[in-house]
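Since the structure comes first, as structure tokens, the remarks are kept for the end.
From a predicted model like this one, the values you see are computed outputs, not experimental measurements.
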Amino acid sequence: QVRLVESGGGLVQAGGSLRLSCAASGRFAVNYCLGWFRQAPGKEREFVGSISWTGTTTYYADSVKGRFTMSRDNVANMMWLDMNTLKPEDTAVYYCGRTVAPCWRAGNLSASDFGSWGQGTQVTVSS
């Protein structure tokens with residue numbers, strides 16, 4: 001069973017940038033998508049983006065499209081989320097996860113499609 005660990009969160013001013021990392025304790029496993037979700041206090045876990053096994057397809061929530069970019073390295077068992085032009089509404093705990101079933105193409109997936117969640121990393125954007 002793969003275990004995921006997020007890092008890279010912090011406090012940043014609006015308009016700034018952060019890079020989040022997701023490291024796997026084992027291999028990601030072939031043909032499984034990875035995803036980023038976020039959860040603000042009092043709200044449900046929200047889809048941010050997903051990336052296919054090969055990294056050739058990505059899909060982003062409308063709220064982050066054009067500002068956030070996902071990438072992965074299956075040799076290093078790492079995934080990243082580059083966040084630019086951050087807004088106060090991006091403030092949340094960010095989680096990475098792997099799909100529980102084989103996934104051939106990135107898409108608008110729900111939290112129930114994912115497992116192996118990490119512990120999360122806090123991102124706070126000040127206005």
Side-chain angles (χ1 to χ4, degrees):
Q1 173 103 12
V2 66
R3 294 184 62 185
L4 304 178
V5 178
E6 304 92 340
S7 62
L11 174 64
V12 63
Q13 288 188 331
S17 299
L18 279 176
R19 171 176 252 208
L20 303 184
S21 299
C22 176
S25 59
R27 296 185 62 190
F28 282 140
V30 178
N31 293 332
Y32 284 74
C33 295
L34 299 175
W36 286 98
F37 285 73
R38 64 188 182 185
Q39 190 165 17
K43 295 188 177 181
E44 293 187 352
R45 193 163 294 193
E46 174 191 25
F47 173 80
V48 174
S50 63
I51 186 168
S52 62
W53 157 251
T54 59
T56 55
T57 65
T58 53
Y59 189 97
Y60 301 98
D62 287 342
S63 59
V64 306
K65 198 174 297 182
R67 299 188 298 122
F68 290 11
T69 303
M70 295 178 65
S71 58
R72 65 187 291 175
D73 182 336
N74 292 330
V75 175
N77 295 311
M78 292 288 298
M79 177 178 65
W80 298 274
L81 178 66
D82 289 297
M83 306 186 295
N84 297 307
T85 319
L86 283 161
K87 305 175 181 180
E89 50 264 43
D90 295 318
T91 295
V93 177
Y94 283 70
Y95 299 90
C96 62
R98 192 195 73 177
T99 53
V100 297
C103 165
W104 309 108
R105 185 175 179 85
N108 186 10
L109 303 173
S110 66
S112 61
D113 293 317
F114 288 82
S116 302
W117 296 106
Q119 82 292 343
T121 186
Q122 175 71 47
V123 172
T124 303
V125 184
S126 62
S127 58

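For the atom pair OG1 (Thr124) and CG (Leu86), the distance works out to 10.5 Å, reported to the nearest 0.5 Å. In this structure, Ile51 CD1 and Cys33 SG are separated by 9.0 Å, a value rounded to the nearest 0.5 Å. To the nearest 0.5 angstrom, Leu34 atom CG is 7.0 Å from Thr99 atom OG1. Atom CE in Met70 sits 8.5 Å away from atom SG in Cys22 (nearest 0.5 Å). Distance CZ/Arg45 to OG/Ser110: 12.0 Å, rounded to 0.5 Å. Note that CE of Met83 and OG1 of Thr69 are 11.0 Å apart. Values are rounded to the nearest 0.5 Å.
In terms of heavy atoms, Arg19 sits closest to Ser71 at NH2-OG, 4.3 Å. Contact record, Asn84 with Ser17: OD1-OG, 2.8 Å, taken as the closest heavy-atom pair. Across every non-hydrogen atom of Thr56 and Ser52, the tightest pair is N-OG, 3.4 Å. When all heavy atoms are compared, the tightest approach of Val125 to Lys87 is CB-O, 3.3 Å. Of all heavy-atom pairs spanning Leu81 and Phe68, the tightest one is CD1-CB, 4.0 Å. When all heavy atoms of Ala92 and Ala40 are compared, the pair lying nearest together is CB-N, 3.9 Å.
Remark: the backbone N or O of Val123 is not paired with any side-chain donor or acceptor of Asp90 at under 3.5 angstrom. At least one donor-acceptor pair closer than 3.5 Å links the side chain of Ser50 to the backbone N or O of Gly107. Counting only distance, with no hydrogens or angles, the side chain of Ser25 and the backbone of Arg3 share a donor-acceptor pair below 3.5 Å. Within the 3.5 Å criterion, the main-chain N or O of Ala106 finds a donor-acceptor partner in the side chain of Thr57.
With hydrophobic clusters built from ILVMFWY side chains whose heavy atoms lie under 4.5 angstrom apart, Trp53 shares a cluster with Val2. Hydrophobic cluster membership differs between Val12 and Trp80, with clusters built from Ile, Leu, Val, Met, Phe, Trp and Tyr side chains linked at under 4.5 angstrom.
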Discussion item. Between Cys96 and Trp36, is the side chain to side chain contact (heavy atoms under 4.5 Å, CB included) condition met? List the steps.
Written reply: CA-CA 5 Å; Cys96 62; Trp36 286 98; 3.9 Å; yes

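The shortest side-chain heavy-atom distance between Glu46 and Ser63 falls under the 4.5 Å cut-off. Between Arg67 and Tyr60, every side-chain heavy-atom pair lies at or beyond the 4.5 Å cut-off.
The side chain to side chain donor-acceptor pair (under 3.5 Å) with Tyr94 is formed by just one residue from the set Gln39, Arg38, Glu6, Gln122; it is Arg38.
If you chain together ILVMFWY residues whose side-chain heavy atoms come under 4.5 Å of each other, Phe47 ends up grouped with Phe37, Tyr59, Val93, Tyr95, Leu109, Phe114, Trp117.
Annotation for Lys65: atom NZ counts as buried by contact number, over 12 foreign heavy atoms lying within 6.0 Å.
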